[in-house]
Structure formats: structure tokens, C-alpha cells
Amino acid sequence: MTTDDERHDEDWIFAAPDPGTLPTEQLPGREEFERYSAPLVAGRGRRPSRPEQHSAETVDLSSLSDDVAELAEQRAADSAGRARAAGPLAPGGARIGESDEPAPITAPLRVPTYARSGTTPNAAADDDARTPVLPRRFHDLGIFDALRDLLALVCLVIALSTTFTLGELRIVEIAGKTGIGIALIGLVVVHLLRWVPSTPPLGLIRVLRVTAMLPALAVGIGVIVADFVTSLPVLFSALPDGPPVGVGVGVAMLLLGAIVGIEPRAHEGYLPAATARARSRMVLLVIGVTALVLLLVATVMAVGRVFTTGWAFSLMSFANTLISALLLAILLGSAMRRERSWFVFSVSAVGALVIAALADNTLRLSFAAPESVATGYVYLPLLLSAYGVMISRSFVRTMPVSFERSDWLVYAVRAFEFSILMHSAAVLWNLAAAIAAGRGVTPGGTVVHLMDALVCAMFVAVSLFARKALLERPAQIARASGVVSALVLVIVGFLAVIVNSLATGAGVGLVTGGTALALGIAAALMLTVPAPVRDEFGAPDLARMFAEFRHRNARRDPLLSLLPDIAAERSRRKTFPRT
């Protein structure tokens with residue numbers, strides 16, 4: 001014969017033989033709990049209201065257990081005693097000295113927050129207690145403005161320590177260091193004037209910020225113009241000693257730091273307006289036109305070099321130009337079309353390139369290598385300049401950026417689409433490198449580049465499969481297919497990086513599997529880390545999450561839009577019919 005403890009042992013938190021068991025730690029049995037919760041569940045759909053005031057004689061305690069009934073009787077008796085002590089009843093039924101209306105609830109109800117499992121309470125009060133409190137003068141400082149100032153400071157410092165130009169023109173080096181020094185000093189002085197005085201001069205601060213960044217911006221643009229002008233006379237000739245000037249990664253860092261730092265901050269009394277947004281769009285148009293001009297010059301240079309330097313050099317120069325122009329077109333296109341998901345993903349992708357470019361001296365990245373109009377397509381300064389404009393306050397405030405659960409599925413799809421575009425260009429690059437491998441202008445041999453072309457083609461096929469699954473397959477299968485495809489990109493991309501580093505000495509890049517590795521990790525995290533949306537019972541609902549993702553652009557017209565427009569008919573003058 002089983003005892004009551006053994007019968008309910010699997011439903012209780014603490015087992016009966018547990019030596020630490022206390023009577024207060026026992027939960028009621030399943031049948032006992034169901035009898036108690038049945039009326040609560042039945043009234044769940046009713047409108048929330050204040051609990052009724054029952055007396056001790058009207059409370060039904062027959063369905064409760066002895067212990068619970070005893071506790072309820074004691075609480076009811078206490079409430080009845082407090083009611084008798086409050087005073088006699090008035091004829092209307094209310095206490096003397098009290099209003100007929102119920103007292104308003106003035107204390108805010110604390111809404112419980114739960115962890116991802118839906119059952120574990122968060123330590124919200126402890127988190128609030130541990131949150132550092134800034135002084136009152138720093139309350140106007142936003143995290144977005146602080147991060148942009150930090151990025152401008154880091155970019156300006158890196159520009160001092162990395163490759164600036166390739167030529168021997170001392171005036172360019174001196175002008176560059178002078179512009180960087182003025183910008184750094186101005187950035188420090190602006191913050192001192194804003195936070196040290198009790199009444200900061202906001203007008204002077206705004207003028208000083210713009211004035212301090214203009215020399216650095218002018219130097220960066222001047223280096224590109226100088227390289228363009230000096231490269232035109234030697235555009236078709238062989239360059240055994242290198243380009244006359246050359247544009248290093250330091251110029252790109254300088255332009256990024258100047259563009260990010262030149263915009264006045266919100267805590268400096270500046271509010272973005274239509275003029276600021278129009279100027280940001282104008283700067284993007286200028287960058288796009290400059291990129292198109294440099295692309296035409298690079299194409300002409302590649303065609304002309306066929307007769308002077310050799311067809312192999314021209315073929316590889318054209319292949320490099322194709323990849324660079326595609327990346328720049330994706331970023332500028334997302335900014336000009338103002339497509340939200342492409343904007344967020346492209347800015348994130350270029351932000352990763354910015355982080356990699358900061359470590360160019362250590363990693364020796366090929367995409368951040370110094371370029372010149374005389375030898376190839378100069379795209380990195382334009383790419384980072386467009387990135388600096390796109391993260392400006394006047395541009396971001398007009399872009400509806402969202403990071404809801406279904407939005408992460410959109411960004412995962414964008415990651416696979418980005419993989420399709422870039423790896424398709426990588427297939428063409430590897431085929432061109434395999435053709436030109438015999439001339440000694442590529443790091444590897446024909447077999448290595450053909451294998452890389454097959455690997456990049458596999459990346460394209462896997463990305464197409466993942467995109468189709470996320471857009472069309474059922475929710476469970478779609479998520480599993482996306483995660484598996486991301487893992488394939490990670491594993492194969494990592495192996496491709498290892499093989500290429502041993503065979504050719506090349507580092508992490510698009511044509512060596514590095515981009516597939518990064519995109520696979522990003523897509524896997526976006527598909528697994530955000531918890532699914534929950535249904536009305538609080539349970540994870542992956543099907544609903546995918547339904548919201550796939551119908552996010554569907555028309556949601558109100559019912560009034562289905563009614564016919566009778567305004568013209570009502571405004572028409574009508575005459576009474578005559579017989």
C-alpha cells in the first residue's frame with residue numbers, strides 16, 4: 001500500500017525522504033490544486049476588477065483542504081475584525097467617513113519579468129541596485145553619441161600609426177599628421193568645454209567641433225585628389241617603383257574619424273532637422289559619384305595595361321575591382337533606397353570591416369592594403385566614408401531600425417543573400433586567378449584557385465538553400481535548415497582558411513573562406529539566440545514567429561478603407577424630383 005507521500009512524490013519539489021524537508025516547503029497535491037485553481041481559470045477571460053469584499057460567513061471553504069481552509073478562515077476573521085473596528089455602516093452601506101467610490105490604487109503594479117525559459121524570475125531589483133548612477137551633468141550624454149566620439153578618437157589615433165601613403169612626398173605626411181593632431185586636440189577641448197563649466201557655451205562648442213575636424217577631412221580628400229592627379233600621366237605605364245602617392249588605410253581611418261566627429265552631438269544642444277538629413281544624403285551622392293568615376297578610371301587603366309604591363313595584371317585588376325565595387329554598391333544602395341533590413345545588415349558588415357581595418361598593421365589584411373588609381377580601384381576610403389555618414393544621428397533617426405524577434409530572421413536572410421552575392425563574385429575572382437596563375441601575379445597555383453572556386457560555388461549553393469528554406473519551408477524545418485547551413489559555412493570556411501594559409505600564405509578573406517566563416521557564425525547566432533515569440537499561454541511559438549516574419553510586408557489596410565468613398569456624392573447638389 002502506497003502512502004500519500006509516495007503517491008505525490010513525483011509532483012512535489014522536495015521528496016519526502018529528503019532530510020531538509022520542512023512542512024512549509026510542501027506543495028498541495030494535484031487534485032487539491034486543481035480544485036483550488038478551477039474557479040480562477042474559469043474567470044481568467046473576464047475583465048480585471050477589484051476583488052470583492054467577502055465576509056467570513058459568505059466564503060466557501062468546502063473545496064479546500066483542512067490546512068488551507070484553516071488559513072483562509074483565519075484571514076477572513078482578521079478582515080472582518082478590521083471591518084468592525086473601522087466603524088458602523090451608513091444607510092447606503094458604506095462606512096461612516098468613507099467615500100462610495102473605491103480608493104484608487106496609487107502604487108504602481110510591478111510587472112514580473114521572466115527569463116528565456118518563461119519560469120525563472122529575473123533579479124530586476126538587484127540589477128537596478130547595481131546600476132551605476134552618473135552625475136547629473138552627464139544625464140544629457142547619450143550612449144550613441146558617446147560611442148561615436150569614441151570611434152572618432154580611435155580612428156584618428158590609428159591613422160597616426162598605420163600606413164598613410166606609399167610615395168615619398170613629405171608634404172603629404174606632414175599635412176596628414178597636422179590634420180590628425182588638430183582633430184584630436186579639438187575633440188578633447190570640446191568635451192572639456194561641455195562638461196567642466198557649470199554653464200557650457202554650446203554655440204562655441206558646436207563651432208569648435210566643426211572647425212577642428214575640417215583640416216583632417218580636407219587632408220583625407222586632398223590625398224585622394226593628389227593620388228588621382230599624379231596617377232593620370234602614368235596610368236598605362238609599368239610602375240616598377242610603385243605609384244607616385246598611393247592611398248593607405250590611414251587615409252580611410254582619417255576620413256572615417258573626421259566624418260563621425262564633425263557632426264554636432266545631441267548633448268551639445270543640436271537637434272537634427274531636414275537640412276541635416278538633406279546634407280547627409282548629398283554627401284552620399286557625392287561619394288557615389290566619386291566611386292563611379294574611380295571605377296571608370298580603374299576599368300580604363302585595366303584595359304590600357306594589357307599592352308604595357310600584361311594581360312594577367314589587367315585580368316586580376318579587373319577581378320579585384322569587381323569585388324570592391326560590389327561591396328560598395330551594396331552599402332550605398334541600402335542607404336539610398338532606405339531599405340531597413342539591408343541598411344542594418346550592410347552597416348553591421350562594414351562595421352566588422354572597420355574593426356578589422358583597425359588591426360591592419362598586425363593582421364596584414366589584403367582588403368586594407370594601400371591602393372592607387374594607377375594600380376587599381378581605390379574603394380576603402382569611400383566605403384568607410386559612406387559608413388561614417390550612415391551612422392550619423394541625422395541619418396539614423398530617420399531610419400526605422402528594429403530588433404524584434406522576427407527581425408532577426410530578416411537579418412539572417414540578408415546574411416545568406418549577402419553570401420550569395422559576394423561568393424558569386426569570389427567564384428569569378430578565383431576563375432580569373434586560375435587563368436592568370438601561370439604569370440606569377442597570384443599567390444597560389446591553378447589547382448588551388450580552382451578548388452577555391454568550387455568551395456565558393458558550394459557556399460553559394462548552401463546560401464541559396466538556406467534562404468529558400470527560411471522563406472518557404474515550415475517553421476521547424478526552416479529554422480533547422482538555416483542553422484545547419486550556417487554550420488556548413490562555418491566548418492568549410494574554417495577549413496578553407498587553414499588550407500589557403502598553408503598553401504598560399506593568404507589570410508582570412510572573401511576568396512579564402514573567411515567571409516563564409518563570419519557569415520555562418522552570424523547567421524547561426526541570429527537563428528538560435530533570440531527566443532521565439534510566445535503564444536497567449538506563454539509557450540514558445542516558432543510557427544507564429546515565422547508567420548510574422550513572412551508577412552511583415554503584407555498590406556494591413558483598416559476596415560474603413562474597404563468602404564466606398566461617398567464624399568463626392570454627398571457634396572453634389574441634388575434637386576427634388578418633379579413629376
Side-chain angles (χ1 to χ4, degrees), residues 41 44-45 110-124 127 330 334 337-349 351-352 396 399-422 459-491 493 515-559:
V41 175
R44 184 179 181 181
R110 185 177 184 86
V111 180
T113 57
Y114 297 96
R116 181 178 175 182
S117 61
T119 56
T120 306
N122 292 332
D127 294 342
I330 291 175
S334 65
R337 292 188 299 110
R338 306 188 66 78
E339 208 284 327
R340 179 174 59 88
S341 57
W342 266 116
F343 174 84
V344 174
F345 181 79
S346 59
V347 168
S348 303
V396 172
M399 184 67 63
V401 179
S402 177
F403 295 98
E404 299 294 334
R405 289 179 175 91
S406 57
D407 291 325
W408 290 108
L409 297 178
V410 180
Y411 302 144
V413 172
R414 295 297 179 236
F416 289 119
E417 291 176 350
F418 185 80
S419 173
I420 294 170
L421 293 175
M422 298 306 297
F459 291 153
V460 174
V462 171
S463 301
L464 283 171
F465 168 76
R467 180 184 181 276
K468 183 178 179 61
L470 291 176
L471 293 177
E472 299 178 4
R473 303 296 296 276
Q476 298 288 347
I477 300 176
R479 191 186 193 187
S481 301
V483 173
V484 171
S485 301
L487 292 179
V488 171
L489 293 179
V490 172
I491 296 174
T515 301
L517 175 63
L519 291 177
I521 294 175
L525 292 177
M526 289 187 288
L527 291 174
T528 55
V529 171
V533 296
R534 299 185 181 275
D535 56 14
E536 60 271 17
F537 302 105
D541 193 348
L542 193 62
R544 179 180 174 185
M545 180 178 177
F546 270 83
E548 292 180 359
F549 150 65
R550 291 170 180 172
H551 298 88
R552 67 193 183 280
N553 293 329
R555 293 187 60 186
R556 296 180 180 179
D557 297 332
L559 294 178

Got a donor-acceptor contact below 3.5 angstrom from the [X] side chain to the [Y] backbone?
| X | Y | answer |
| --- | --- | --- |
| Arg550 | Met545 | no |
| Gln476 | Ala478 | no |
| Ser481 | Ile477 | yes |
| Arg479 | Leu527 | yes |

Gap separating the [atom1] atom of [X] from the [atom2] atom of [Y], nearest 0.5 angstrom:
| X | Y | atom1 | atom2 | value |
| --- | --- | --- | --- | --- |
| Leu409 | Phe546 | CG | CZ | 4.5 Å |
| Leu464 | Glu417 | CG | CD | 9.5 Å |
| Ser348 | Arg414 | OG | CZ | 13.0 Å |
| Ile330 | Ser346 | CD1 | OG | 8.5 Å |

Q.
Could you work out, with ring-ring contact (aromatic ring centres under 6.0 Å, His included) as the rule, every residue matching Trp342, not counting sequence neighbours?
A. none

Q. Under 6.0 Å from the CZ atom of Arg340, do we count more than 12 heavy atoms belonging to anything else shown?
A. yes

Measure the shortest side-chain to side-chain distance between [X] and [Y] over non-hydrogen atoms and say whether it is less than 4.5 angstrom.
| X | Y | value |
| --- | --- | --- |
| Asp407 | Phe549 | no |
| Leu519 | Phe416 | no |
| Phe345 | Val410 | no |
| Thr515 | Phe459 | no |

Q. Under a 4.0 Å N-O cut-off, is there an ion pair linking Arg467 with Glu472?
A. no

State, to 0.1 Å, how close [X] and [Y] come at their nearest heavy-atom pair, and which atoms those are.
| X | Y | result |
| --- | --- | --- |
| Ile521 | Val490 | N-CG2, 3.4 Å |
| Leu470 | Ala412 | CD1-CB, 4.4 Å |
| Ser463 | Ile420 | CB-CG1, 3.5 Å |
| Ala523 | Ala486 | CB-CB, 4.1 Å |

Q | Test item: side-chain donor near acceptor, Ser341 and Glu339, under 3.5 Å | A | yes

Q. What class does the angle between the rings of Trp408 and Phe403 fall in, given that below 30° is parallel, 30 to 60° is tilted and above 60° is perpendicular?
A. tilted

